[in-house]
Undergrad: 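Supplied in structure tokens, the structure appears directly below.
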Amino acid sequence: MCGITGWVSYDRDLTREREVLDAMTGTMACRGPDASGTWFGRHAALGHRRLAVIDLPGGAQPMSVRTPNGEVTLVYSGEAYNYVELRDELIAAGERFSTSSDTEVVLRGYLRWGPALAERLNGMYAFAIWDERDRRLVLVRDRLGIKPLYYYRTGDGVLFGSEPKAILANPLAERVVDLDGVRESLAFSFTPGHAIWAGMRQVEPGTVVTVDRDGVRERTYWRLETREHQDDLETTVGRVRELLDDTVRRQLVADVPRCLLLSGGLDSGALTALSARHLGEERVRTFAVDFMGQAENFRPDDLRDTPDTPFVRDVVEHVGSEHADIVLDPKTLADPEVRRAVLTARDVPTTLGDMDLSLYLLFKEIRKRSTVALSGESADELFGGYRHIHTPEVQQARAFPWIAFNVGPLDKDGHGLDRSLLAGLELEEFRRDQYEAAVADVKRGDTEDDHEYRMRIMIHLHLTRFLRFLLDRKDRLSMAVGLEVRVPFCDHRLVEYVYNAPWSFKHYDGREKSLLRGAVKDVLPESVAWRVKSPYPSTQDPYYVRQLQLQGKEVLARPDHEVFALVDRDWLRRVTDQEPASVDRVTRLGLERALDFGAWIDLYRPRLVLS
């Protein structure tokens, strides 16, 4: 796993811009702590920071091949899990390799197949190739959008990077956030291709972006498509197990220490149990997060019926993993430096509050002992695990399901925001337009009744909108500490297969995620196989709320702070004066968002254009 960046300019000599490219590359140091490299041509300059995972001595980048008509150079982030098969195919076709890295497989695959290489890859990846033969830049992103990739048009080319901060390090990129950017950060509709920063775009998942003198062009090489599902239920359950077994086996390959993120739920429990089987005599390592005193003092709420700890213990005992609990204290969680680190990692002005802070701290601790971690991300989106997916009112709502439900870390009503700003954002209209655009992409199956079609829409929205947000969050917070997180449930073969299985298969026993449970229950303790979905944990300690209030008072002590163009000053004053125990969930979210906005402005010094 790595960080990539670069600059293409057709009107200047970039060999004279080494200092700027070094600054862009330096912003990616957290993503690649093991090595740094740059490459310069007259019209292109590429930077790379490496986190060594496969072929530690042989995978240095940028990586180039000289051809009779010009050099072809690659900077690559991610993993191609089928690189061994592709390498064998390329050798049979006449290619010769000097390393055993998947990076060289991608580069020589491009030489053989051009941009169509993307369609052959199984993995998570974002890469850039400068092809001197026709002075062309090719940007490629994986099918589900696991690895991030951004670009920014200039007057004579583009800037690109794994994260916006790499692009913003170039003087040509203006640090402007306009009303569209603020709207995007608050609407929770996750517009494809949109970046918070004006003029910047994401390479969309499953897309190839080509840049040459004629401009910028996009080609979609993969999308979620409706197909007829021909297997019966028993065959489908078996096929899901086969696909999961295969993708877990592939994603355990690494030349560095590996581990599993274990929450005590069905998804992470399944990955842990399957990993333990594949590793054989090698003991699987697991990590879980908890908050000091929470296991003993847990209180059920509208999101979580049970604490994770007892179920984590059941999995650990069942598979015999080498386990560690990362227990976080409220003082560390409330540290403003941790909030700043999270905002720096994510580049955006809003987070999921303590859920992001604790995830960052969890990854930071894991990185001391492992370099690669497997996570259960996307199982809920694919198999229908969220409670709101099974709520009839939400199923019929003409709105994004997570917004219609309005439970969790997504505050759809903008509590604590400046009222004139809220009026100008027109969030409801924006969400409605985005919803209609998203639904228009969903093709109805030939034999689907109205309910089956509605449920296809629900799953499609989660996989093409909500999941992208979760994957970006997971990538940014893990790579901020140099930890590579792999997501087996995002294997595109599994996604294509399960997406087209009938909804009746996905809850054939009347429960959420029936199809997944049927495929893996034989390797799990019964308590975990039948556990009700529980979201990522959140602290219930009033100390944390009190620290938020004190930090809010510090913001209020700076009356000229630009944050008050976004946050209602009077609201913030009232909230900071409340008793911590009286601050409800939604109010706390608003308070955390106000602190996020303030810290983000201090860090990035953006020019806010709100009219």
Side-chain angles (χ1 to χ4, degrees), residues 2 4-18 21 24-25 35-48 50 54-55 57-78 80 82-121 123 125-141 149 151 154 156-160 203 207-219 221:
C2 309
I4 67 173
T5 190
W7 184 2
V8 170
S9 172
Y10 290 102
D11 294 340
R12 69 173 79 196
D13 182 356
L14 292 183
T15 61
R16 301 177 179 178
E17 303 289 350
R18 294 180 183 273
L21 185 71
M24 296 170 68
T25 306
S36 177
T38 55
W39 178 93
F40 289 88
R42 182 175 179 84
H43 297 299
L46 308 179
H48 186 266
R50 186 185 185 203
I54 293 175
D55 188 10
Q61 298 183 51
M63 185 177 286
S64 297
V65 171
R66 295 187 180 276
T67 76
N69 298 313
E71 200 167 1
V72 180
T73 305
L74 167 73
V75 284
Y76 169 73
S77 170
N82 63 336
Y83 79 98
V84 174
E85 299 96 309
L86 289 178
R87 191 175 191 271
D88 290 343
E89 184 178 353
L90 288 164
I91 289 173
E95 293 290 337
R96 295 293 177 263
F97 288 81
S98 58
T99 76
S100 58
S101 68
D102 60 333
T103 302
E104 189 177 6
V105 171
V106 172
L107 178 55
R108 295 194 178 275
Y110 174 82
L111 292 174
R112 176 67 54 174
W113 300 306
L117 157 74
E119 297 160 38
R120 296 172 177 260
L121 293 174
Y125 47 84
F127 60 87
I129 293 176
W130 174 250
D131 193 334
E132 188 65 37
R133 296 173 298 182
D134 49 15
R135 296 184 179 180
R136 176 178 66 171
L137 177 71
V138 179
L139 303 173
V140 180
R141 193 174 181 201
L149 186 56
Y151 68 94
T154 63
D156 67 335
V158 297
L159 310 171
F160 69 86
V203 176
T207 298
V208 176
V209 173
T210 304
V211 181
D212 57 24
R213 278 195 176 274
D214 295 327
V216 178
R217 294 177 298 282
E218 295 186 0
R219 177 180 70 85
Y221 69 88

Undergrad: Sequence neighbours left out, what passes side-chain hydrogen bond (donor to acceptor under 3.5 Å, both in side chains) with T103? Give chain and number order.
TA: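 If we apply the side-chain hydrogen bond (donor to acceptor under 3.5 Å, both in side chains) test to T103, skipping adjacent residues, the hits are Q61.
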Undergrad: Give me each pair satisfying salt bridge (charged side-chain N to carboxylate O under 4.0 Å, His left out) with a member in residues 68-78, each pair once, sequence neighbours excluded.
TA: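 For residues 68-78: R66-E71.
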Undergrad: How many angstroms lie between CH2 in W7 and CG in L46, if you round to the nearest 0.5 Å?
TA: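 Those atoms lie 13.0 Å apart.
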Undergrad: Is it the case that atom CZ in R133 sees more than 12 heavy atoms from other parts of the structure closer than 6.0 Å?
TA: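 Counting neighbours around CZ of R133, more than 12 heavy atoms of other residues, nucleotides or ligands fall under 6.0 Å, so yes.
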Undergrad: Can you measure from CG (L149) to CZ (F160) and round to the nearest 0.5 angstrom?
TA: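 It is 7.5 Å, given to the nearest 0.5 Å.
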Undergrad: Test of understanding: with side-chain contact (heavy atoms from CB on, under 4.5 Å), list the residues that count as partners of R135, not counting sequence neighbours.
TA: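 With neighbours one apart ignored, the set is Y10, H43, W130, E132.
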Undergrad: Please list, chain by chain and in numerical order, all residues satisfying side-chain hydrogen bond (donor to acceptor under 3.5 Å, both in side chains) with R120, sequence neighbours excluded.
TA: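 For R120, the residues satisfying side-chain hydrogen bond (donor to acceptor under 3.5 Å, both in side chains) (neighbours in sequence not counted) are E89.
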Undergrad: Do we see a donor-acceptor contact under 3.5 Å between the side chains of T15 and D13?
TA: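 Distance-only check passes for T15 and D13.
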Undergrad: Tell me every residue that passes salt bridge (Lys or Arg N to Asp or Glu O under 4.0 Å) with D134, counting only those two or more places apart in sequence or in another chain.
TA: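 Only R136 meet the salt bridge (Lys or Arg N to Asp or Glu O under 4.0 Å) criterion with D134.
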Undergrad: Of all the heavy-atom pairs spanning T154 and V158, show the shortest one and how long it is.
TA: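 Closest approach of T154 to V158: OG1-N, 3.7 Å.
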Undergrad: Name all residues meeting the side-chain contact (heavy atoms from CB on, under 4.5 Å) criterion together with R112; count only those two or more places apart in sequence or in a different chain, and write none if there are none.
TA: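 R112: side-chain contact (heavy atoms from CB on, under 4.5 Å) contacts with L90, A93, E95.
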Undergrad: Quick check against the 3.5 Å criterion: does S77 have a side-chain atom that pairs as donor or acceptor with the backbone of C2?
TA: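 It does hold such a pair.
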Undergrad: My understanding is that only residues two or more places apart in sequence, or in another chain, count here; which of them pass side-chain contact (heavy atoms from CB on, under 4.5 Å) with A80?
TA: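 Once residues adjacent in sequence are excluded, the partners of A80 under the side-chain contact (heavy atoms from CB on, under 4.5 Å) criterion are Y76, N82, Y83, D102, L121.
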Undergrad: To the nearest 0.5 Å, what is the distance between CG on L107 and OG1 on T99?
TA: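 If we round to the nearest 0.5 Å, L107:CG and T99:OG1 are 9.5 Å apart.
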Undergrad: Verify, without hydrogens or angle tests, whether E119 (side chain) and Y221 (backbone) share a donor-acceptor contact under 3.5 angstrom.
TA: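 No.
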Undergrad: Got a sec, which residues hit side-chain hydrogen bond (donor to acceptor under 3.5 Å, both in side chains) with D212, two or more places apart in sequence or on another chain?
TA: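 R217.
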Undergrad: Quick one: pull up OH in Y125 and CG in L117 and give me the separation to the nearest 0.5 Å.
TA: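 If we round to the nearest 0.5 Å, Y125:OH and L117:CG are 7.5 Å apart.
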Undergrad: Partners of R18 by salt bridge (Lys or Arg N to Asp or Glu O under 4.0 Å), sequence neighbours excluded?
TA: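 If we apply the salt bridge (Lys or Arg N to Asp or Glu O under 4.0 Å) test to R18, skipping adjacent residues, there are no hits.
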Undergrad: As a quick check of understanding, evaluate side chain to side chain contact (heavy atoms under 4.5 Å, CB included) for Y110 and V138, giving each step before the final call.
TA: CA-CA 10 Å; Y110 174 82; V138 179; 3.9 Å; yes
Undergrad: Taking all heavy atoms of G6 and all of L21, pick out the closest pair and write down the distance.
TA: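 Heavy atoms of G6 and L21 come nearest at CA-CD1, 4.2 Å.
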Undergrad: Return the minimal non-hydrogen interatomic distance between S101 and M63, and the atom names on each side.
TA: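 Answer, listing the atom of S101 first, then M63: OG-CE, 4.0 Å.
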Undergrad: Looking at residues at least two apart in the chain, or sitting in another chain, which of them share a side-chain contact (heavy atoms from CB on, under 4.5 Å) with S36?
TA: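 In terms of side-chain contact (heavy atoms from CB on, under 4.5 Å), with neighbours along the sequence ignored, S36 is linked to T25, R49.
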Undergrad: For R96, check salt bridge (Lys or Arg N to Asp or Glu O under 4.0 Å) against everything at least two apart and list the hits.
TA: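 Scan of R96 (salt bridge (Lys or Arg N to Asp or Glu O under 4.0 Å), adjacent residues dropped) gives none.
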Undergrad: If every non-hydrogen atom of W39 is compared with every non-hydrogen atom of A44, which pair is closest and at what distance?
TA: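 Closest approach of W39 to A44, heavy atoms only: CZ3-O, 3.5 Å.
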Undergrad: Between R141 and T207, is there a side-chain heavy-atom distance shorter than 4.5 Å?
TA: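 Contact flag for T207/R141 side chains = no.
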Undergrad: Minimum heavy-atom separation for T38 and P62, please, with both atom names.
TA: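 In this case the closest contact between T38 and P62 is N-CD, 3.7 Å.
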Undergrad: Looking at every non-hydrogen atom in both residues, tell me the closest pair between V75 and G47 and how far apart they are.
TA: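 So the minimum-distance heavy-atom pair works out to CG1-O, 3.8 Å.
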Undergrad: Once salt bridge (Lys or Arg N to Asp or Glu O under 4.0 Å) is applied, do any residues pair with E218, and if so which ones, sequence neighbours excluded?
TA: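 Salt bridge (Lys or Arg N to Asp or Glu O under 4.0 Å) list for E218, sorted by chain: empty.
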Undergrad: Atom OG1 of T67 and atom CG of D131: how far apart are they, to the nearest 0.5 Å?
TA: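 So the gap between those two atoms works out to 7.5 Å.
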Undergrad: Between CG of L139 and OG1 of T210, what distance do you get to the nearest 0.5 Å?
TA: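 Result: 8.0 Å between the selected atoms.
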